[in-house]
J.: 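Have a look at this one.
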Amino acid sequence: MPPITESLSAAERNLCVQVAIAARSLSIGGHDDFNQGQVSARIPGSDRFVIKSAVTGFEECTPEDLVVASTDPSAPPHRLAPPELVLHQAVYQARPDVNAVVHSHAAYTLVFGATDLELRAVSHDGAMFEGRLPRYTLTSNTILDLPVAESVAKALGDAPAALLRNHGGVVVGKSLRHATVLAHLLERACRLQLLAEQVPGGYHSSSGDDVNAKRSFNFADLSVRSYWDFCAGQVARRWPDSVSWKPARSVRQPT
């Protein structure tokens, strides 16, 4: 069977390279759960996106393990498209500003979503999500049906992420690097707050002014790009063979 990327344009294959790097980075960040979870990215200027295949885990993903899908849920899916494809379609339909989606079962995000805690800015990471991390509670099942996927997208609203009760999280971004970095930030924020909750006597979190300042500086586009560059470098150090995926030119992403 020829590689999935064989019939793609150079720009589309470049995007597959970036998504594969994102998948490996998510693995390093603790998002693995067998071959479950997905990362996807819109193909610029089209109604299509690329997404990790159903049979591939984050840790083993290569550019050849991406499939192309339509944002239209009525379009016939690729035979290797993941079962939760409809979740990504519903988010892309509801959020024209979103160009990448990460759904995973990262451990601390999942445990935090199983509580009724509101996420606080215990760390810089938490400042990104304080006051804008909705929790979807209608079901904890795998999202296989379009009406359920649409209800998740509705719960997400205009937030950067949503917790799925007993299921994990959905993180979105205006670019693939934003969605990937935010997925790392959310997992770390959940982990640190769960640790803080165990401290006798309570704990403090950042003030509203500090939260706004951190969002403006720590998570500015230039900062996110530097975090992404670190993540990509970490992937290259962990898997030296991934350097051979490097495209001749970087795929253009929204900034």
J.: Are Val172 and Val148 connected into the same hydrophobic cluster when the rule is that any two of I, L, V, M, F, W, Y join if their side-chain heavy atoms are below 4.5 Å apart?
T.: yes
J.: For Val101, which of Leu176, Ile51, Val170 qualifies under side chain to side chain contact (heavy atoms under 4.5 Å, CB included)?
T.: Val170
J.: Could you tell me whether Lys174 and Asp221 make a salt bridge, using a distance below 4.0 angstrom between a side-chain N and a carboxylate O?
T.: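 Looking at Lys174 and Asp221, the cut-off is met.
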J.: Distance check, rounded to the nearest 0.5 Å: Trp228 atom CH2 versus Gln234 atom CD?
T.: 12.0 Å
J.: So, are Glu197 and Arg120 salt-bridged, with charged N and O less than 4.0 Å apart?
T.: no
J.: Is the distance between the ring centroids of His167 and His105 under 6.0 Å?
T.: yes
J.: Can you classify the ring geometry of Phe58 versus His31 as parallel (below 30°), tilted (30 to 60°) or perpendicular (above 60°)?
T.: perpendicular
J.: Kindly indicate whether the side chain of Cys190, heavy atoms from C-beta on, has any atom under 4.5 Å from the side chain of Leu119.
T.: yes
J.: Name the one of His103, His88, Lys52 that satisfies side chain to side chain donor-acceptor pair (under 3.5 Å) with Gln38?
T.: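 With Gln38 as partner, His103, His88, Lys52 yield a single side chain to side chain donor-acceptor pair (under 3.5 Å), made by His88.
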J.: Run the salt bridge (Lys or Arg N to Asp or Glu O under 4.0 Å) check on Glu130 and Arg215 step by step: do they pass?
T.: CA-CA 10 Å; Glu130 183 173 281; Arg215 288 177 182 172; 6.0 Å; no
J.: Measuring from atom CZ of Arg188 to atom CD of Gln193, what distance do you get when rounded to the nearest 0.5 angstrom?
T.: 13.5 Å
J.: So do Phe129 and Leu185 actually touch side chain to side chain, heavy atoms under 4.5 Å?
T.: yes
J.: Once side-chain hydrogen bond (donor to acceptor under 3.5 Å, both in side chains) is applied, do any residues pair with Ser70, and if so which ones, sequence neighbours excluded?
T.: none
J.: Any donor-acceptor pair under 3.5 Å linking the side-chain atoms of Asp65 with those of Thr62?
T.: yes
J.: Would you say that Tyr227 contacts Arg177 through its side chain, given a criterion of any heavy-atom pair below 4.5 Å between the two side chains?
T.: no
J.: Is it true that Asp116 and Arg165 make a salt bridge, defined as a side-chain N closer than 4.0 Å to a carboxylate O?
T.: yes
J.: Is it the case that Asp47 and Thr71 place a side-chain donor and acceptor less than 3.5 Å from each other?
T.: no
J.: Between Arg48 and Glu12, is there a side-chain N and carboxylate O pair less than 4.0 Å apart?
T.: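 Judged by the 4.0 Å cut-off on N to carboxylate O distance, Arg48 and Glu12 do form a salt bridge.
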